[in-house]
Amino acid sequence: MEKSGGKQVSVVVPPLEGLAGGGTAYGWSDGGLEDSILYTGKVDPTKVPTADLLHVWCMPSTANIGQQEIPRPLENISLLAARNEKESVQIVLRPKVSWACSGIAGTVQMHCTDLCSSSGDRLAVGQSLTLRRVVPILGVPDALVPLDLPVSQINMLPGETTAIWLSVDVPPGQPPGQYEGVVSISALKGEVGFRCTSQSMPKLEKSELYRELKSCLDSVDPVDGRTMDDLVERQKFTTSVLRRILFSPMFHEFSSDNGSTEMMDEDALTNLSVLLKISVTVWDFTLPITPSLPAVIGISETVIEDRFRVEHGTDGWFDALDQHFRWLLQYRISPFFCRWGDSMRVLAYTCPWRADHPKSDEYYSNLRLAAYAVPYYPILSGCSNSDAEKDSLRKEVEILKNKAHWGKAYFYLWDEPLNAEQYEVIRSMSREIRTYAPDARVLTTYYCGPSDVHYAPGTFEAFVKVPNLLRPHTQIFCTSEWVLGAREDLVKDITAELRPENGEEWWTYVCMGPTDPHPNLHLGMRGTQHRAVMWRVWKEGGTGFLYWGANCYEKATVPSAEIRFRRGLPPGDGVLFYPGEVFSSSNEPVASARLERLLSGLQDIEYLKLYSSRYGREGSIALLEKTGVYLGPERYAADHMPVDLMRAEIYHTCHS
């Protein structure tokens with residue numbers, strides 16, 4: 001029971017499906033958040049406070065906010081961020097009433113200011129501060145579609161909740177301090193793209209409008225074979241018709257200088273708006289430009305070729321791959337392009353240009369790249385064993401091994417070998433590479449030992465003994481987290497077989513497995529479950545992480561074609577971003593919320609590394625457990641509060 005205006009109000013807590021903001025709570029209302037005014041007739045947002053028309057509240061980046069999410073009280077945003085760190089939060093909107101008349105609840109305007117410190121430094125809107133609308137994929141909030149800045153307008157649907165993803169990306173050289181700004185949220189009279197008059201337009205007027213617009217199109221298309229005089233006359237005709245239409249009474253309400261939506265004057269807008277204050281504490285710790293832990297993630301070249309209609313090896317192909325490479329670097333990811341062959345043979349490469357091309361050094365020397373894949377076969381030809389192609393490998397290796405960045409290089413030759421024959425192919429390929437560069441690193445992923453080599457007492461013993469079968473032909477032993485299940489104690493059995501003094505490393509990966517409740521990146525998992533992928537890597541002691549694909553949707557031949565996940569895989573497996581053309585005219589990829597949470601996990605590793613530099617690795621693991629962030633693959637934070645506690649503890653104990 002709570003008191004509200006002297007009355008006793010009963011608050012019923014609904015059952016939530018899932019954890020950490022992922023509840024759906026369909027059909028429930030929160031008695032603690034009552035509308036303050038009852039309206040009759042048409043609602044005029046120029047005379048009514050936006051808070052009376054719209055629920056506004058904030059949620060952490062780990063929350064999955066469904067369309068029927070329960071409103072919560074509004075609290076101002078307070079974030080902690082290091083330099084070279086990106087921190088995010090969600091602003092959630094839900095209409096209390098409808099103030100439009102065209103099938104939507106109404107239009108909301110969001111206006112962001114720069115974030116400024118008392119010393120005059122700022123985090124600029126559109127550069128350091130961005131807004132993206134969270135769009136459901138298969139009903140799950142995931143795609144983060146960019147909004148215009150500094151002013152965005154959003155159409156709200158009756159009875160549905162909309163989440164806006166606000167990110168603050170702090171530059172590496174940003175002065176420490178307290179930065180403050182405001183997001184003003186206002187209900188507008190009118191709505192973008194819809195008007196009441198257009199809904200009630202008589203059929204005769206619609207027909208006449210259609211006829212005139214079609215005559216314009218017919219007059220300008222086609223133009224082939226026409227004289228210049230003819231084209232000028234047609235342009236004059238088209239201009240005359242369009243002017244007559246635009247200045248007709250039908251569009252009178254749009255003819256003012258105020259634009260397509262009736263805008264309130266600035267003072268009235270400010271007085272009626274919901275003002276959401278943002279405070280960001282930038283502290284004197286800078287995340288390293290080069291990630292401390294390599295996270296290598298695949299990009300399918302064939303998906304790019306099919307969807308964007310670019311031919312392998314053409315200028316358009318190089319441009320498309322270059323765009324994807326540069327875009328992914330901002331997520332502390334070391335991308336590699338991949339092409340799959342028979343029996344899980346894989347051609348993996350980070351740079352599409354040959355080692356003797358000027359672009360090669362530009363790619364491999366990029367400080368944001370923690371590791372890079374060197375192709376075993378020439379990228380612009382197929383997988384073959386011709387002498388010419390072997391000579392190409394030799395030239396690539398001989399150029400790269402003398403570079404300062406060679407320590408970041410690795411070869412990824414085969415994915416998840418299953419039998420002794422495939423293991424022998426890996427050994428043979430590795431022998432050839434090591435002939436040219438004895439210190440070359442080969443990465444092999446696996447979740448089992450060879451099926452035709454038996455060890456007592458069972459299959460796990462064969463899995464643990466894989467290093468004995470691949471030594472010295474593999475240096476990075478990359479195992480599936482699925483094998484471990486909830487048995488963290490098995491890590492000791494795996495690492496006991498490795499020889500770190502000889503440069504051997506243990507990396508891990510996730511793909512189809514492990515499944516819920518273990519950490520993974522599948523669509524529909526909790527936000528903390530996505531972020532926990534990297535918490536698990538840190539606690540188990542892995543020195544790298546691999547994810548097989550970031551753009552592996554079903555085949556399409558049009559950039560704007562709907563996204564379909566591959567059959568037989570869990571939704572979201574192999575997909576961390578979406579083509580921008582699916583959501584707008586932009587060709588820039590659209591990040592998923594899961595990719596943003598993976599970035600947050602990688603940033604957490606830098607925090608933990610800083611903490612361990614003062615208190616030891618065991619101290620950092622104790623902090624993970626003490627704050628309730630991560631104790632094991634089935635015991636980790638269900639909501640965001642432990643994450644804030646851990647980060648705050650590191651800030652208080654490590655800042656100068």
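In this chain, numbering begins with 1 at the start of the sequence shown.
We find that Glu69 and Arg72 are joined by a salt bridge, their nearest charged nitrogen and carboxylate oxygen being less than 4.0 Å apart. Between Arg594 and Asp142, at least one side-chain nitrogen of the basic residue sits less than 4.0 Å from a carboxylate oxygen of the acidic one, meeting the salt-bridge criterion.
In terms of modelled atom types and a separation under 3.5 Å, the side chain of Ser167 and the main chain of Ser88 share no donor-acceptor contact. Put simply, the side chain of Ser586 never gets that close to the backbone of Gly580: no donor and acceptor are under 3.5 Å apart. Although no hydrogens or angles enter the test, the distance criterion places no donor-acceptor pair under 3.5 Å between the side chain of Gln174 and the main chain of Asn84. A donor-acceptor pair under 3.5 Å is formed between the side chain of His522 and the backbone N or O of Cys511. At least one donor-acceptor pair under 3.5 Å links the side chain of Tyr547 to the backbone N or O of Gly574. Proximity of a side-chain donor or acceptor of Asn64 to a complementary backbone N or O of Met525 within less than 3.5 Å is detected. For Asp284 (side chain) and Pro176 (main-chain N/O), no donor-acceptor pair under 3.5 Å exists by modelled atom type. In this structure a side-chain-to-backbone donor-acceptor pair under 3.5 Å is present from Thr350 to Ala373. In terms of modelled atom types and a separation under 3.5 Å, the side chain of Lys408 and the main chain of Ser365 share no donor-acceptor contact. With Thr50 contributing its side chain and Leu272 its backbone, the two residues share a donor-acceptor pair below 3.5 Å.
Applying the 6.0 Å contact sphere to CZ of Arg635 captures no more than 12 heavy atoms from other residues, nucleotides or ligands.
Within the 4.5 Å cutoff, side-chain heavy atoms of Lys626 are placed close to those of Leu623. Residues Tyr331 and Leu602 fail the side-chain proximity criterion, which asks for heavy atoms closer than 4.5 Å. Proximity of His324 to Phe577: side-chain heavy atoms (C-beta onward) are separated by under 4.5 Å at one or more points. Between Thr130 and Asp169 the shortest side-chain heavy-atom distance does not fall below 4.5 Å. Put simply, the side chain of Leu369 reaches to within 4.5 Å of the side chain of Leu329, judged on heavy atoms. The side-chain heavy atoms of Ser118 and Glu180, taken from C-beta on, include no pair separated by under 4.5 Å. Residues Ser61 and Arg531 are in side-chain contact: their nearest non-hydrogen atoms beyond the backbone lie under 4.5 Å apart. Between Leu624 and Tyr611 the shortest side-chain heavy-atom distance does not fall below 4.5 Å.
Across Leu595, Leu546, Ile333, Asn551, a single residue satisfies side-chain contact (heavy atoms from CB on, under 4.5 Å) together with Ile297, and that is Ile333. With Leu275 as the fixed residue, the side-chain contact (heavy atoms from CB on, under 4.5 Å) test singles out one of Val182, Leu74, Val56: Val182. Residue Arg332 forms a salt bridge (charged side-chain N to carboxylate O under 4.0 Å, His left out) with just one option from Glu606, Glu596, Glu85, and that option is Glu606.
Scored by the ring pair (Phe, Tyr, Trp, His ring centres under 6.0 Å) test, Trp548 finds no partners at all (sequence neighbours excluded). For Arg368, the salt bridge (charged side-chain N to carboxylate O under 4.0 Å, His left out) test picks out no residue, with sequence neighbours left out.
Using cut-offs of 30° and 60° on the angle between ring planes, the pair His405 and Tyr372 is perpendicular. Using cut-offs of 30° and 60° on the angle between ring planes, the pair Tyr651 and His655 is parallel.
Seen from the ring of Trp57, Arg94 does not count as a face-on cation partner, given the 6.0 Å and 45° thresholds.
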Original post:
Run the side chain to side chain donor-acceptor pair (under 3.5 Å) check on Ser117 and Ser119 step by step: do they pass?
Top reply: CA-CA 5 Å; Ser117 71; Ser119 59; 3.0 Å; yes
Subject >> side chain to side chain donor-acceptor pair (under 3.5 Å) assessment of Thr281 paired with Gln178 >> reply: CA-CA 5 Å; Thr281 300; Gln178 195 82 11; 2.9 Å; yes
**OP:** Check step by step if side chain to side chain donor-acceptor pair (under 3.5 Å) holds for Glu481 and Asn520.
**Re:** CA-CA 9 Å; Glu481 293 282 20; Asn520 207 324; over 6 Å; no
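With 3.5 Å as the limit, one finds a donor-acceptor pair spanning the side chains of Thr107 and Asn155. Remark: the Arg526 side chain and the Tyr636 side chain contain an N/O donor-acceptor pair separated by less than 3.5 Å.
Rounding to the nearest 0.5 Å gives a distance of 5.0 Å between OG of Ser620 and CH2 of Trp538. To the nearest 0.5 angstrom, Asp644 atom CG is 8.5 Å from Leu80 atom CG. Here Met646 contributes atom CE and Asp604 contributes atom CG; the two are 4.5 Å apart, rounded to the nearest 0.5 Å.
Trp283 has its ring centre less than 6.0 Å from the ring centre of Tyr607. If you look at Tyr363 and Phe325, their ring centroids are closer than 6.0 Å.
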